[in-house]
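For reference, the structure is listed below as structure tokens.
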Amino acid sequence: MPNPTQRHILGFFLALTAAVMWGILPVALKELLTAMDTSTIIWYRFLVAGIVLGFWLAFKKDLPGKSDFSKHTVLILLIATLGLSANYFFFTFSLNFVNGETSEVVIQLSTLFLMMGGVFIYKESFVFPQKIGVLLILSGLLLFFNERLREFMSFENRETIGVIIVVLAALTWTVYALLQKKLFRQFSSVKILFLIYLCSVPIIFPFTKPLSALSLTAFEIGLLTFCCLNTLIAYGCFAEALNCWDASKVSAVLTLAPLFTISFLKILVIIVPTYEFTDRLGLLSIIGAILLVMGSVLTALVPAFQRQYSELKK
């Protein structure tokens, strides 16, 4: 049986794998959007993930039963489904307007929104480290966009539209995450995702063009396959990391995703100098991204700080 240290190390690497997968995802989506529309990409991702999770739960004989559902639970599940589906749609759709670095950095606002939602809805405390984290997040965003702030004053600018759409993605993810806390009373994270995917597939289907997959090139099929597998691998690693490590520490590692996006695109530009789907960030923008990540990490770790402080007082 693995000792606690080994489980912490495993939890860290599982969380890091999820962060890497989510960091690379916008790069793959940006390429795939040149050949397939947003709704169809999301539908395929939900369909594949739903089928695999369904088989897994059936194998474990752990599928949700009728007794698990009440009218209240169904309502919360429906709103959570709409929240996560909207999050997937807005984030993917935003990549028609902005590049991977920008989308991945702005989506980190979800950390700030979730914290504020916890404060106002669940009456959680808002302590000094969180205030520092908020300051770092906002300062990081200003530095990240330092060369583009003037352009964002115009709503005719495509990047402005893209950033607004990513903010909507962060807001809708926050709705899902806040409601997930309520669903955790009855379902595991795997069951929640399975139910959301199961509900999302028929909801999204009328807006899709599934047969467009037949006209994809081998490279584009590879991208679509990666995006589908990314959903499973990233969330699978995330769920398993929570079984090995503190949720706050897992969340802190996940906030590193923007740095993986930036690093991957920097390497890609070195290999392919003519690659166009990148912001080619300057030093100040990179420093801004690091500050934002630091703020997100600090905010995510606050529950661990509070727990340790409480234990010291005993």
Linked hydrophobic residues, L211 as query - side chain contacts closer than 4.5 Å: L214
Shared-cluster residues of I270, by chain and number - hydrophobic side chains joined below 4.5 Å: none
Hydrophobic clustering (ILVMFWY, side-chain heavy atoms < 4.5 Å, transitive) - are [Y] and [X] grouped together?
{"X": "I42", "Y": "F207", "value": "no"}
{"X": "I286", "Y": "V269", "value": "no"}
{"X": "V166", "Y": "F97", "value": "yes"}
{"X": "I221", "Y": "F46", "value": "yes"}
{"X": "V74", "Y": "V175", "value": "yes"}

Looking at [X] and [Y], would you say the former's side chain and the latter's main chain have a donor-acceptor pair under 3.5 Å?
{"X": "K182", "Y": "T73", "answer": "no"}
{"X": "Y44", "Y": "C228", "answer": "no"}
{"X": "W43", "Y": "V201", "answer": "yes"}
{"X": "E220", "Y": "T217", "answer": "yes"}

Walk me through it: do E159 and D279 pass the test side chain to side chain contact (heavy atoms under 4.5 Å, CB included)? CA-CA 11 Å; E159 276 200 301; D279 293 323; 3.9 Å; yes
Minimum heavy-atom distance between [X] and [Y], given as atom pair plus value:
{"X": "N230", "Y": "M21", "result": "ND2-O, 2.7 Å"}
{"X": "R45", "Y": "C227", "result": "NE-O, 3.3 Å"}
{"X": "E101", "Y": "T261", "result": "N-CG2, 3.9 Å"}
{"X": "R280", "Y": "T274", "result": "NH2-C, 4.1 Å"}
{"X": "L223", "Y": "E31", "result": "CD1-CB, 3.5 Å"}
{"X": "L216", "Y": "A35", "result": "CD2-CB, 3.8 Å"}

Enclosure of [X] [atom1] (heavy-atom neighbours >12, cutoff 6.0 Å):
{"X": "F69", "atom1": "CZ", "value": "yes"}
{"X": "K266", "atom1": "NZ", "value": "yes"}
{"X": "F277", "atom1": "CZ", "value": "yes"}

Quick one: pull up [atom1] in [X] and [atom2] in [Y] and give me the separation to the nearest 0.5 Å.
{"X": "L284", "Y": "F144", "atom1": "CG", "atom2": "CZ", "value": "12.0 Å"}
{"X": "L32", "Y": "D37", "atom1": "CG", "atom2": "CG", "value": "9.5 Å"}
{"X": "I79", "Y": "L183", "atom1": "CD1", "atom2": "CG", "value": "10.0 Å"}
{"X": "I196", "Y": "L78", "atom1": "CD1", "atom2": "CG", "value": "10.5 Å"}
{"X": "F113", "Y": "L171", "atom1": "CZ", "atom2": "CG", "value": "4.5 Å"}
{"X": "L254", "Y": "C237", "atom1": "CG", "atom2": "SG", "value": "10.0 Å"}

With a 4.0 Å cut-off on N to O distance, would you call K191 and D62 a salt bridge? yes
Determine, using ring centers only, whether F55 and F194 are less than 6.0 Å apart. no
Heavy-atom side-chain contact between [X] and [Y] under 4.5 Å:
{"X": "I76", "Y": "H72", "result": "yes"}
{"X": "T38", "Y": "L95", "result": "no"}
{"X": "L109", "Y": "L112", "result": "yes"}
{"X": "I137", "Y": "Q108", "result": "no"}
{"X": "V106", "Y": "V167", "result": "yes"}
{"X": "F145", "Y": "V163", "result": "yes"}

Which pairs of donor and acceptor atoms, one on a side chain in residues 87-94, lie under 3.5 Å apart (sequence neighbours left out)?
| residue | atom | partner | partner atom | Å |
| --- | --- | --- | --- | --- |
| N87 | ND2 | A169 | O | 2.9 |
| T92 | OG1 | Y88 | O | 2.8 |
| S94 | OG | F91 | O | 2.6 |

Would L292 and L136 satisfy side chain to side chain contact (heavy atoms under 4.5 Å, CB included), going step by step from the backbone distance to the final call? CA-CA 6 Å; L292 185 145; L136 287 172; over 6 Å; no
Would you check, one step at a time, whether the test side chain to side chain contact (heavy atoms under 4.5 Å, CB included) holds for L198 with L53? CA-CA 10 Å; L198 189 68; L53 288 182; over 6 Å; no
Will you find, in the side chains of [X] and [Y], an N or O donor that is under 3.5 Å from an N or O acceptor?
{"X": "N146", "Y": "S285", "value": "yes"}
{"X": "T102", "Y": "N99", "value": "no"}
{"X": "S215", "Y": "S212", "value": "no"}

Between S200 and T81, is the side chain to side chain donor-acceptor pair (under 3.5 Å) condition met? List the steps. CA-CA 7 Å; S200 298; T81 297; 5.0 Å; no
Which of these, F226, F264, F260, sits in a side-chain contact (heavy atoms from CB on, under 4.5 Å) with V27? F264
Check the orientation of Y235 and W22. Use parallel for under 30°, tilted for 30 to 60°, and perpendicular for over 60°. perpendicular
Do T278 and L268 pass the side chain to side chain contact (heavy atoms under 4.5 Å, CB included) test, and can you show the C-alpha distance, the side-chain angles, and the key distance before you say yes or no? CA-CA 9 Å; T278 175; L268 192 56; over 6 Å; no
